[in-house]
2 protein chains.
Amino acid sequence: MSRPTLADVAARAGVAISTASRALHRPGRIRAETAARVRAAADELGYVPSAAARQLHRSSAGAVALVVPDLTNPFFMALVRGSTRLLRAHDVVQVVADVEEEPESEEQTLAALAGRVDGMLLAASRLDAATLSTWSRRVPLVAVNHDAGDPEVPTVTIGTQGVEEAVEHLAGLGHRHLAYASGPATSWADARRRTAVVETCARLGVRLTDLGHHPPRRDAGAAAADAVLRSGATAVLTFNDLQAFGVLDRLASRGVQVPEDVSVIGHDDIFGADLTSPALTTVTVPAEELGARAAARLLGAVGLATAAPSAPPAATGPASTGPDRLATHLTVRGSTAPV
Amino acid sequence: MSRPTLADVAARAGVAISTASRALHRPGRIRAETAARVRAAADELGYVPSAAARQLHRSSAGAVALVVPDLTNPFFMALVRGSTRLLRAHDVVQVVADVEEEPESEEQTLAALAGRVDGMLLAASRLDAATLSTWSRRVPLVAVNHDAGDPEVPTVTIGTQGVEEAVEHLAGLGHRHLAYASGPATSWADARRRTAVVETCARLGVRLTDLGHHPPRRDAGAAAADAVLRSGATAVLTFNDLQAFGVLDRLASRGVQVPEDVSVIGHDDIFGADLTSPALTTVTVPAEELGARAAARLLGAVGLATAAPSAPPAATGPASTGPDRLATHLTVRGSTAPV
DNA sequence: ACCCTACTGGCAAACGTTTGTCACCGCGTC
DNA sequence: GACGCGGTGACAAACGTTTGCCAGTAGGGT
């Protein structure tokens with residue numbers, strides 16, 4: 001009582017398996033009347049070709065995986081959307097996997113998915129550089145916003161201009177003591193972002209307090225907010241907007257005015273950043289473009305880029321061109337003000 | 001220069017293919033020394049077993065697909081998270097696909113995915129009942145929040161208690177004229193929700209204006225807000241929170257006070273619903289549980305439910321028990337007030 | 001009457017894996 | 001010394017599909 005196979009369809013139509021296969025995929029190759037009979041049989045049986053068998057014959061799966069640390073983070077949703085669009089245009093199936101910020105879960109997912117796709121997009125991987133390099137030797141992959149330092153691992157990242165602008169913006173408002181709330185210790189992006197903050201502060205002669213690592217979640221913002229108040233800083237930059245939301249929540253419930261008492265700057269400009277009150281000043285990241293760019297790189301690497309994308313003709317452009325470091329910029333809203 | 005196969009590994013280790021296979025998957029069956037040699041060879045070659053070939057031999061893919069209309073909608077993120085958790089606990093790979101609210105894209109995705117998974121979860125499908133029934137005959141699927149009316153199609157839905165409570169809440173605050181902003185015309189959930197509003201209004205003797213269909217996006221809320229003001233209603237219920245956010249945006253920019261001038265109630269209680277100012281009164285939906293329940297149903301249907309889930313032992317429970325209609329309730333925040 | 005061509009449909013191999021079955025080896029036992 | 005036995009490894013079949021190749025047929029031109 002398993003799913004019907006091509007053999008069942010062929011039997012019901014009274015033809016050979018090969019004829020059935022051609023009737024379904026080689027228009028013109030089989031007489032119209034025969035082909036119609038085969039299609040009818042397939043329809044009645046509810047036949048669905050087994051992708052596994054097909055994939056076994058061709059050597060390609062026609063699918064790529066996108067692995068993200070946390071699907072409930074709006075930032076990654078936007079990234080997903082970007083890669084989805086591009087991949088669909090090239091008739092490549094995308095499978096998305098959420099690893100819930102767990103490195104073990106991430107590696108487990110890689111193992112489970114590696115054999116069923118032609119390549120993988122690893123967004124903000126929490127894996128260390130060595131593990132990433134190892135996997136890169138096993139399966140074509142593109143690291144998004146995580147540079148393993150291994151030139152063999154193709155990488156698409158974002159620049160730190162936005163972070164520098166953020167610090168400059170605060171300094172320009174007269175802030176002389178900032179605080180930075182770090183993200184996960186295993187996040188490459190956090191290390192990079194923190195370095196940019198440190199250097200810019202040094203350059204501008206602004207004092208900086210490092211608040212330590214906090215999970216990239218909204219509820220982690222409470223601890224960060226308390227740390228800010230203890231530090232005496234007049235402004236805080238957080239690793240991402242989710243944390244910034246939490247900081248805003250906590251400051252409000254402690255009666256601290258934003259931006260009058262403390263200025264807050266997030267990172268990513270995710271969905272909701274303009275909903276808070278005050279609306280969040282944050283670093284805008286072209287998440288959708290990031291996803292699309294990474295997907296394009298991967299397609300180029302695995303040779304899946306169709307010459308003529310089926311959907312939008314010019315918009316997506318050649319699959320593997322363009323810079324692999326995207327620019328970011330500060331978007332000023334209401335959560336920052338002069339001291 | 002293709003990916004290495006088991007044959008390559010076996011050759012390098014100087015054993016037969018079958019020996020290599022057993023060395024990797026049947027601990028004890030092969031002498032430890034030989035097995036170690038095979039594992040070393042596999043490692044050096046970066047061998048990754050082809051899921052396709054494996055799947056061909058067993059008849060199961062060990063994977064299910066989750067198809068959602070819009071991944072950037074926080075509601076579906078929560079749903080994804082719920083099914084991810086349950087599926088991971090049963091060692092089933094989940095692939096998520098976003099169809100961007102397009103019925104054609106949805107059917108195309110079904111076709112592309114049907115052959116590579118054991119079953120599918122269709123969340124808030126925009127497909128009509130007949131098409132859904134047809135696909136249900138082709139591949140095991142569970143419809144989430146979409147009842148095709150076909151008893152052959154397993155379905156998990158949410159109740160309308162929350163919507164009724166919302167109307168009662170408004171009536172209790174003295175509102176005598178409500179408006180309802182519908183979602184997509186092809187949404188079963190919208191039809192159901194609207195009916196609940198209509199009936200409850202009739203029961204309570206409250207006047208209701210139907211504002212017509214609006215896309216379930218934030219930007220569509222502007223048109224809905226304008227329609228509300230034209231209608232003269234003192235309160236509006238929207239199909240979902242995204243629309244409610246847009247309504248809030250628009251009313252604010254037109255200088256209309258919420259909740260003093262107009263009360264607003266959304267639906268879903270998505271991420272961000274408590275961030276708006278005023279915070280949104282909305283119908284809370286157990287999205288995560290909805291995803292988990294649907295996944296459990298599917299596993300039960302395709303016989304993939306492992307007797308002993310690998311991760312959380314009791315929490316997930318037996319795969320196919322529990323009601324298939326989940327309760328919702330109103331969560332009152334700041335966007336509703338007496339007339 | 002013959003051959004060439006165009007068209008249709010079938011045979012069988014191949015893709016990479018898992019696993020039932022079997023052969024072989026060395027050992028101890030009678 | 002023959003036999004049985006446990007342990008180890010190889011052979012080959014099977015999963016469902018695609019496709020190169022070939023055979024058969026019909027029709028038309030010479």
Side-chain angles (χ1 to χ4, degrees), chain A residues 1-39 41-42 45-63 111-118 138-139, chain B residues 1-39 41-42 45-63 111-118 138-139:
Chain A
M1 235 4 266
S2 168
R3 305 251 286 264
T5 77
L6 197 48
D8 300 325
V9 174
R12 179 174 251 257
V15 298
I17 295 184
S18 54
T19 304
S21 173
R22 280 189 267 253
L24 297 177
H25 305 299
R26 291 279 175 278
R29 179 65 177 73
I30 298 295
R31 185 159 30 127
E33 181 194 331
T34 311
R37 214 166 65 236
V38 171
R39 273 194 302 272
L45 259 33
Y47 167 71
V48 173
S50 153
R54 177 176 298 167
Q55 175 177 161
L56 195 54
H57 184 264
R58 316 182 168 163
S59 44
S60 133
L113 251 30
R116 50 183 95 221
V117 298
D118 296 321
R138 296 207 236 271
V139 55
Chain B
M1 232 3 264
S2 167
R3 304 252 287 265
T5 76
L6 197 50
D8 300 325
V9 174
R12 179 173 250 254
V15 298
I17 296 183
S18 55
T19 304
S21 173
R22 280 191 262 255
L24 298 176
H25 305 298
R26 292 279 175 278
R29 178 68 176 74
I30 299 295
R31 187 163 24 134
E33 182 194 329
T34 310
R37 215 168 62 237
V38 171
R39 274 195 301 274
L45 259 33
Y47 167 71
V48 173
S50 153
R54 177 175 298 166
Q55 176 177 160
L56 195 54
H57 184 264
R58 316 180 170 167
S59 43
S60 133
L113 251 29
R116 52 183 92 221
V117 298
D118 296 321
R138 295 206 237 270
V139 54

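Numbered from 1 within each chain, the chains take letters A, B, ... in sequence-line order.
Interface remark: the B:Ser59 side chain does not form any donor-acceptor pair with the D:dC15 base, using a distance-only criterion of under 3.5 Å.
Listed pair A:Ser18 / C:dC11 fails the phosphate criterion, with no side-chain N or O lying under 4.0 Å from OP1 or OP2.
Looking at B:Gln55 and A:Gln55, their side chains never come closer than 4.5 Å, going by heavy atoms from C-beta outward. Using a 4.5 Å heavy-atom threshold, the side chains of A:Thr5 and A:Ile17 count as separate. The shortest distance between side-chain heavy atoms of B:Arg54 and A:Arg116 does not fall below 4.5 Å. Counting heavy atoms from C-beta outward, B:Arg37 and B:Val15 have side chains that approach closer than 4.5 Å.
Within 4.0 Å of B:Thr5, counting heavy atoms only, lie sugar-phosphate atoms of the nucleic acid but no base atom. Heavy atoms of B:Ser50 sit under 4.0 angstrom from primed sugar atoms or phosphate atoms, though from no base atom. Backbone-only contact: B:Thr34 has heavy atoms under 4.0 Å from sugar-phosphate atoms and none from a base. Within 4.0 Å (heavy atoms only), A:Gly115 reaches no atom of the nucleic acid at all.
With rounding to whole Å, A:Arg58 atom CZ is found 12 Å from D:dG20 atom P. Spacing between atom CZ of A:Arg3 and atom P of D:dC15 amounts to 17 Å, rounded to whole angstrom units. Going from atom CD1 of A:Ile17 over to atom P of D:dC15 covers 10 Å, rounded to whole Å. Per the geometry, CG belonging to B:Leu6 stands 14 Å off P belonging to C:dC15, to the nearest Å. If you measure from atom CZ of B:Arg29 to atom P of C:dT19, you get 12 Å, rounded to the nearest angstrom. Between the C1' atom of D:dT18 and the CG atom of A:Leu24 lies a distance of 12 Å, rounded to the nearest Å. If you measure from atom CZ of A:Arg31 to atom P of D:dA26, you get 11 Å, rounded to the nearest angstrom. In this entry the distance linking NE2 of A:His57 with P of D:dT17 reads 13 Å, nearest Å.
Toward the 5' end of DNA chain D, the nearer of the two residues A:Arg22 and B:Ile30, judged by each one's closest nucleotide, is B:Ile30.
In this structure a side-chain-to-backbone donor-acceptor pair under 3.5 Å is missing from A:Arg39 to A:Thr34.
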